[in-house]
2 protein chains.
Amino acid sequence: MDNKDFYTVRGYQIHKKNEKMLTPSMEDYMEMIYRVCRKNGYIRINVLAERLNVQAPSVSRVVEKLKARKLISYEKYGVVQLTDKGKQVGAFLLKRHKAVEAFLKFLGLQETLMDTEMIEHNISVETLKKLILFNRFIQSHPEVLTQYHEFLNKNQDRL
Amino acid sequence: MDNKDFYTVRGYQIHKKNEKMLTPSMEDYMEMIYRVCRKNGYIRINVLAERLNVQAPSVSRVVEKLKARKLISYEKYGVVQLTDKGKQVGAFLLKRHKAVEAFLKFLGLQETLMDTEMIEHNISVETLKKLILFNRFIQSHPEVLTQYHEFLNKNQDRL
DNA sequence: TACATATATTACCCATAGGTAACTTATTTG
DNA sequence: CAAATAAGTTACCTATGGGTAATATATGTA
Ligand SMILES: [Mn+2]
Ligand SMILES: [Mn+2]
Ligand SMILES: [Mn+2]
Ligand SMILES: [Mn+2]
């Protein structure tokens with residue numbers, strides 16, 4: 001992709017795909033597999049379907065793709081488990097999720113899940129790094145947090 | 001959509017659609033139409049195609065949809081213009097774009113276009129409001145900006 | 001062990017959002 | 001004004017990522 005300015009979602013989605021990255025959907029699957037496997041060691045197709053609010057056939061399909069990318073191990077009618085590579089990816093995705101969530105919490109939002117779920121797939125590694133640094137900055141500067149909350153209280157209505 | 005936690009992009013994308021919102025792609029079209037029409041009063045199909053790095057037939061299709069939603073006026077082989085409703089939507093989209101961009105700039109990113117283009121479609125109105133408030137907070141508290149930059153300089157490498 | 005039930009797969013369907021090729025309409029120019 | 005060119009539309013293709021219905025396999029229980 002030529003070094004062009006795109007001004008579109010699609011342009012950059014395609015850009016990402018060429019780099020052999022996971023699609024947003026696959027990222028959600030991996031993140032959830034990681035969440036569950038961390039505790040139970042494995043996850044079954046139907047459980048994954050339920051957790052992702054999706055039907056089993058959709059899971060079957062995606063699981064095949066993730067296996068092809070060596071992120072999980074799976075044999076027909078068996079159990080899904082993470083490979084070492086899969087564990088790394090899952091850990092990254094969960095870390096990213098938490099970074100976005102922490103930032104949204106800081107902003108003052110109560111309900112963060114929906115926005116987190118949407119935003120997490122659409123930030124570059126650079127932005128993620130900065131977001132993590134910013135979260136640390138806030139942690140180490142509680143006075144800024146206080147100032148911001150005061151500012152919010154004064155201004156929350158006028159937009 | 002039941003008040004369920006989804007943990008997926010798709011769940012929330014579908015949620016949005018039911019509310020008769022624009023798709024990310026349509027938002028990009030509207031934003032670009034607004035950018036150009038603000039200056040020229042109108043835009044042609046081929047120009048829009050070029051600006052969005054997309055082919056003319058794709059534009060024809062989307063323009064039909066936007067017309068059906070009364071966001072633009074268009075007659076075959078004619079010129080695209082914004083309705084009053086379309087101007088409102090366009091103004092909102094541009095404002096949102098700028099809010100996301102300003103925030104990413106604040107974080108310390110040089111290249112913001114790609115992330116802005118991706119993120120802008122995936123933030124709720126609540127998050128946008130908070131983001132705008134946060135941008136204002138930073139503007140009115142330059143000492144925080146300085147502190148953050150110092151923090152960045154000390155920590156930018158260790159992640 | 002046989003049957004009922006639970007789990008998973010396969011074969012299809014749908015929508016979105018892009019693409020190309022062929023055709024039509026509009027505009028420019030000799 | 002006729003021909004050439006530019007602009008736009010139509011018909012049809014692709015891929016992703018969902019869905020359902022029917023089928024296959026595995027598991028639990030009488
Ligand atoms: Mn997600
Ligand atoms: Mn997530
Ligand atoms: Mn965009
Ligand atoms: Mn934009």
Side-chain angles (χ1 to χ4, degrees), chain A residues 1 6-18 20-33 42-69 72-81 117-118 121-122, chain B residues 1 6-18 20-33 42-69 72-81 117-118 121-122:
Chain A
M1 159 152 156
F6 267 77
Y7 276 102
T8 59
V9 240
R10 258 270 158 151
Y12 296 117
Q13 280 169 353
I14 287 160
H15 184 231
K16 266 187 168 180
K17 189 172 57 190
N18 292 343
K20 289 262 194 100
M21 306 235 19
L22 299 174
T23 65
S25 164
M26 290 190 286
E27 288 185 345
D28 281 335
Y29 279 78
M30 281 302 294
E31 194 182 312
M32 188 56 80
I33 292 167
Y42 70 93
I43 188 168
R44 300 212 65 110
I45 301 285
N46 62 333
V47 176
L48 191 45
E50 204 205 343
R51 293 296 212 96
L52 294 172
N53 289 95
V54 138
Q55 300 304 310
S58 305
V59 176
S60 274
R61 240 190 334 252
V62 176
V63 158
E64 268 321 300
K65 288 187 191 164
L66 297 176
K67 189 190 168 184
R69 291 181 186 233
I72 60 172
S73 67
Y74 184 70
E75 297 306 324
K76 263 188 194 176
Y77 301 101
V79 124
V80 175
Q81 284 178 298
E117 276 314 318
M118 300 294 286
H121 310 286
N122 296 301
Chain B
M1 157 152 154
F6 268 78
Y7 276 103
T8 59
V9 240
R10 259 270 158 152
Y12 296 117
Q13 281 169 352
I14 287 159
H15 184 231
K16 267 187 165 179
K17 188 171 59 190
N18 292 344
K20 289 262 196 97
M21 307 235 17
L22 299 175
T23 64
S25 164
M26 290 190 287
E27 288 185 345
D28 282 333
Y29 278 79
M30 282 302 294
E31 195 182 309
M32 188 55 81
I33 292 168
Y42 70 93
I43 187 169
R44 301 213 67 110
I45 300 285
N46 62 333
V47 176
L48 190 46
E50 203 205 342
R51 292 298 212 98
L52 294 173
N53 290 94
V54 139
Q55 300 304 311
S58 305
V59 176
S60 275
R61 240 190 333 255
V62 176
V63 157
E64 268 322 299
K65 289 187 190 164
L66 296 176
K67 189 189 170 185
R69 291 181 187 233
I72 59 172
S73 67
Y74 184 70
E75 298 305 326
K76 263 188 196 175
Y77 301 100
V79 125
V80 175
Q81 284 178 298
E117 276 313 317
M118 299 295 286
H121 310 284
N122 296 300

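Chain A is the first sequence line, chain B the second, and so forth, proteins listed ahead of strands; every chain is numbered from 1.
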> Less than 4.5 Å apart, any side-chain heavy atom of Ile45(A) and any of Tyr74(A)?
Replying inline: yes
> Within this structure, what is the NE2-to-P distance between His121(B) and dA17(C), rounded to whole angstrom?
Replying inline: 11 Å
> Which residues satisfy the side-chain hydrogen bond (donor to acceptor under 3.5 Å, both in side chains) test with Glu31(B), sequence neighbours excluded?
Replying inline: Arg35(B), His97(B)
> Is Lys67(A) paired with Glu75(A) through a side-chain N to carboxylate O contact shorter than 4.0 Å?
Replying inline: yes
> Gln55(A) has an atom CD; how far is it from atom C1' of dC13(C), in whole Å?
Replying inline: 14 Å
> Side chains of Leu66(B) and Ile33(B): closer than 4.5 Å at any heavy-atom pair?
Replying inline: yes
>> Strictly below 4.0 Å: does Ser25(B) bring a side-chain N or O up to OP1 or OP2 of dT16(C)?
In response: no
> Quick one: bend of the helix from dT1(C)-dA30(D) to dG30(C)-dC1(D) from 5 pairs per end, to 10°?
Replying inline: 10°
> Do the non-hydrogen side-chain atoms of Leu22(B) and Arg69(B) ever get within less than 4.5 Å of each other?
Replying inline: yes
> Is there a side-chain polar atom (N or O) of Asn46(A) under 4.0 Å from OP1 or OP2 of dA8(C)?
Replying inline: yes
> Which heavy atom in His121(A) sits nearest to a heavy atom in Pro24(A), and how many Å separate them?
Replying inline: CE1-O, 3.4 Å
> Can a side chain N or O of Ser58(A) be found less than 4.0 Å away from OP1 or OP2 on dG19(D)?
Replying inline: yes
>> Nearest 0.5 angstrom please: Asn53(A) CG to Asp28(A) CG, how far?
In response: 11.0 Å
> What is the distance from NZ of Lys67(A) to P of dT9(C), rounded to the nearest Å?
Replying inline: 10 Å
>> Taking the side chain as everything from C-beta on, heavy atoms only, tell me whether Ile72(A) gets closer than 4.5 Å to Met30(A).
In response: yes
>> For a 4.5 angstrom cut-off between non-hydrogen side-chain atoms, does Val59(A) reach Tyr29(A)?
In response: yes
> Taking CD from Glu27(A) and P from dT16(D), how many angstroms apart are they, rounded to a whole number?
Replying inline: 16 Å
> Rounded to the Å, how far apart are Leu52(A) CG and dG19(D) P?
Replying inline: 10 Å
Taking N or O atoms only and anything under 3.5 Å, show me the protein contacts with nucleotides 9-13 of chain D, one pair per line.
residue, atom, partner, partner atom, Å
dT9(D), OP1, Tyr74(B), OH, 2.9
dT9(D), OP2, Ser60(B), OG, 2.3
dT9(D), OP2, Tyr74(B), OH, 3.4
dT10(D), OP1, Lys76(B), NZ, 2.7

